Amino acid sequence: MSKSDAKNDAPKGDEGPGNFIRDIVLDDLQTGKSYGRLVTRFPPEPNGYLHVGHAKAICTAFGLAQLSENGKCNLRFDDTNPEAESTEFVEGIMRDVKWLGFDWGEKAYFASEYFDQLYAWAVKLVEEGLAYVDTRSEGEIRDTRGDFHKPGVNSPFRDRSVEENLALLEQMKNGELDEGSAVLRAKIDMASTDVKLRDPLLYRIKKVPHHRTGDAWNIYPMYDWAHGQSDAIEGVTHSTCSLEFVNHRPLYNWFLKAIGIEEPPRQIEFGRLNLNYTITSKRKLKQLVEDHHVEGWDDPRMPTIVGMRRRGFTPESIRRFMNKIGVSKNDGVVDVGLLEHCLRDHLNDTSKRVMAVLRPLKVTITNYPEDQEDSFDLRYFPPRRDIEVLDTSTRAVPFSREIWVERDDFMKEAPKKWWRLAPGKEVRLRGAALITVQDVVEENGEVVELRCTWDPESRGGAAPDGRKVRGTIHWVSAKHAVDAKVRLYDRLFDHENPAAAENFLEHLNPASLEVIDNAKVEPSLANASPEERFQFQRTGFFVCDGPSKEAGELVFNRTITLKDAWAKLAKK
RNA sequence: UCCGGUGUCGUCCAACGGCAGGACAACGGACUUUGAAUCCGUGAAUCAUGGUUCGAAUCCAUGCGCCGGAACCA
């Protein structure tokens, strides 16, 4: 885990897609507009789990910091609302950011560490007549804010004396006032066309313990009052956030100016990540978990970082994806197919090839002696023309008279262009032998066994006379097979834009999970380690489920299928 | 209806007054002991209307569409 993890995963080949913030930063660096340093930050609120949308924010902020030799990106928890926040989430977020491959240096920052400074600045604003305590109810304040067409009305307390304001603020802080009875507001302009500038709130009373400051505070700063100042305290130069904060920028700048920050950070907004077939609303994700539509935050179907991790995603593939989609101010929807492409691409480069039969069908090789066994040393990685240094490691795969093959690889009546098992057809058992189907054994109309003969001259799978055998299938020796449970995952939603529906739950994909209890996998897989990734040849990429393995159970989660040209052909 | 943001292949991102290009997806072919990967190829877009200009995706004007904004949330 280090900075270098995330350094060399820019898209292969060309310069990659656009990133307007990178252009701004590069320009600022050259023209000296960033005060001779480069500091960014990722500022999550510790009130939930990180998801793929946050991954874009993380890659963006940490990626920008890498633009300069001395650049750095802080991890700062925006913990200004103790009600929903907890150290559990702090730890989870740290684990996720680290897993994604980013390093935030010696320490993580917390907005709560700046509460004293923030308070001192608030006192200063009051003293300068730029803030006042409003002692009306939440409803009254809201009702006098006006709307998009009507200006707001000044609070009757707007012109309290400095002394009175100071005294009231002190009382708020000391817990002498009830929740909801008073707030501190900036004195800006109740008639502004920008509603955000109509005397925004700085502090509200909340007599709630904070997960880091305990009972020290009875008032907590609002987002706008805390964020820019936290950036300033940390010397942040470029403060990136999503488009919904564009409206906050004037306020962000107003506060920094009001308290006299000399090297103010610059807020830059970009379009957040939207993915089709995916939900990234914290509220909805929470609902999925709480209503048990999934098995938890780390359910492999969840777009959370922990979920993706358990699904078998690699951090590299996620970073490459973020590098490919670019950064702009368009509020677009990226095709989840691109994410899947990046996943397959990286897994293809890094996963060991092994054999596993998901839906076993027995094959007996009638002319193979009962007491005989063979063992083939098969490579973990296929030869590739496009890779110079190839891993040539192998493992032994046992072979015997009875083997398991994939039920889907046999058809009683073969359609055109079917190259797999069918009565009378010859296929190759990958790395082992050529076999021909002689008899099909059925029980109650169900095929239960294939009786085949093999060509003893074809050991290893090569055709002795050079005859063309088009079909190659995977297999596992029955005698040596290891039982495993396999979970086949698919997209959680079967609708492009589940969030648009009246009720997004209607679009849950009923086939998002299929559990196979009796898969037959090759013996080498018994030693798979937690989170180890494989390609089950011809079926897809799988990951050894960590929690199950640690509990002594062998379970593989399907990360993603292989592309399937036959399925496409068959549809026509 | 007010303020702000944004409109380029199906999707994402380029082109910054000078031949609209890349990636994913799609389609066709080659190769193949994974119907994978790899390789080659094809189709596919400037929101609309007017203006400026030798020349406009780019500049100007008007219109239209989409997104965000009136939390004691972030």
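Owing to the predicted nature of the structure, the values given are computational and were not obtained by experimental measurement. Quick note on labels: first sequence line is chain A, next is B, and so on, each numbered from 1. When reading the values below, keep in mind they use all heavy atoms of this one structure, side chains included, and skip hydrogens, waters and symmetry mates.
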K.L.:
With salt bridge (Lys or Arg N to Asp or Glu O under 4.0 Å) as the test, pick out the partner of A/D199 among A/K187, A/R136, A/R158.
P.N.:
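Considering A/K187, A/R136, A/R158, a salt bridge (Lys or Arg N to Asp or Glu O under 4.0 Å) with A/D199 is found only for A/R158.
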
K.L.:
Taking a pair as Watson-Crick (N1 to N3 plus N6-O4 or O6-N4) or G-U wobble (N1-O2 and O6-N3), both under 3.5 Å, which stems of 3 or more consecutive pairs involve RNA chain B?
P.N.:
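Expected stems, ordered by start: B:2-7 with B:64-69, B:10-13 with B:21-24, B:26-30 with B:38-42, B:47-51 with B:59-63.
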
K.L.:
Counting distance alone, no hydrogens or angles: does the base of B/G68 have a donor or acceptor under 3.5 Å from a partner atom on the side chain of A/N247?
P.N.:
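Per atom types, the contact qualifies.
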
K.L.:
Is A/F245 touching bases, backbone alone, or none of the nucleic acid, heavy atoms closer than 4.0 Å?
P.N.:
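The residue A/F245 makes base contact.
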
K.L.:
Should A/R538 and A/D409 count as an ion pair when the cut-off is N to O under 4.0 Å?
P.N.:
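Yes, this pair counts.
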
K.L.:
Ignoring hydrogens and geometry beyond distance, is the side chain of A/R249 in donor-acceptor contact with the base of B/G4 at under 3.5 Å?
P.N.:
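For A/R249, whose side chain was compared with the base of B/G4, there is no donor-acceptor pair (under 3.5 Å).
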
K.L.:
Taking atom C1' in both B/G18 and B/U58, what distance in whole Å separates the two?
P.N.:
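Between the two C1' atoms, the distance is 11 Å.
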
K.L.:
Are any of the side-chain nitrogens in A/E113 or A/R212 under 4.0 Å away from the carboxylate oxygens of its partner?
P.N.:
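So A/E113 pairs with A/R212 through a salt bridge.
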
K.L.:
Taking only N and O in the side chain of A/K206, is any of them less than 4.0 Å away from OP1 or OP2 of B/C73?
P.N.:
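Result: yes.
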
K.L.:
For a quick check of understanding: with a heavy-atom distance under 4.0 Å over all strands, which category does A/G332 fall into, base, sugar-phosphate or nothing?
P.N.:
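Here A/G332 touches the backbone only, sparing every base.
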
K.L.:
It should be established whether A/R320 places a side-chain nitrogen or oxygen under 4.0 Å from OP1 or OP2 of nucleotide B/C24.
P.N.:
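Answer is no, no contact under 4.0 Å.
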
K.L.:
Indicate, with a heavy-atom threshold strictly under 4.0 Å, whether A/P382 touches base, sugar-phosphate, or nothing.
P.N.:
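Touches a base.
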
K.L.:
Quick one: is A/T193 getting a side-chain N or O under 4.0 Å of the B/C2 phosphate, OP1 or OP2?
P.N.:
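Result: no.
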
K.L.:
Using a strict threshold of under 4.0 Å (side-chain N to carboxylate O), is an ion pair present between A/R467 and A/D455?
P.N.:
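Yes, charged N to carboxylate O under 4.0 Å.
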
K.L.:
With sugar-phosphate meaning primed atoms plus P, OP1 and OP2, does A/V183 contact a base, only sugar-phosphate, or nothing at under 4.0 Å between heavy atoms?
P.N.:
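Since a base atom lies under 4.0 Å of A/V183, the category is base.
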
K.L.:
Would you say A/K563 reaches B/A25's phosphate, i.e. side-chain N/O to OP1/OP2 under 4.0 Å?
P.N.:
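For B/A25, OP1 or OP2 has a side-chain N or O of A/K563 closer than 4.0 Å.
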
K.L.:
What's the gap between B/G7 and B/C13 when it is taken at their P atoms, as a whole Å value?
P.N.:
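B/G7 and B/C13 have their P atoms separated by 9 Å.
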
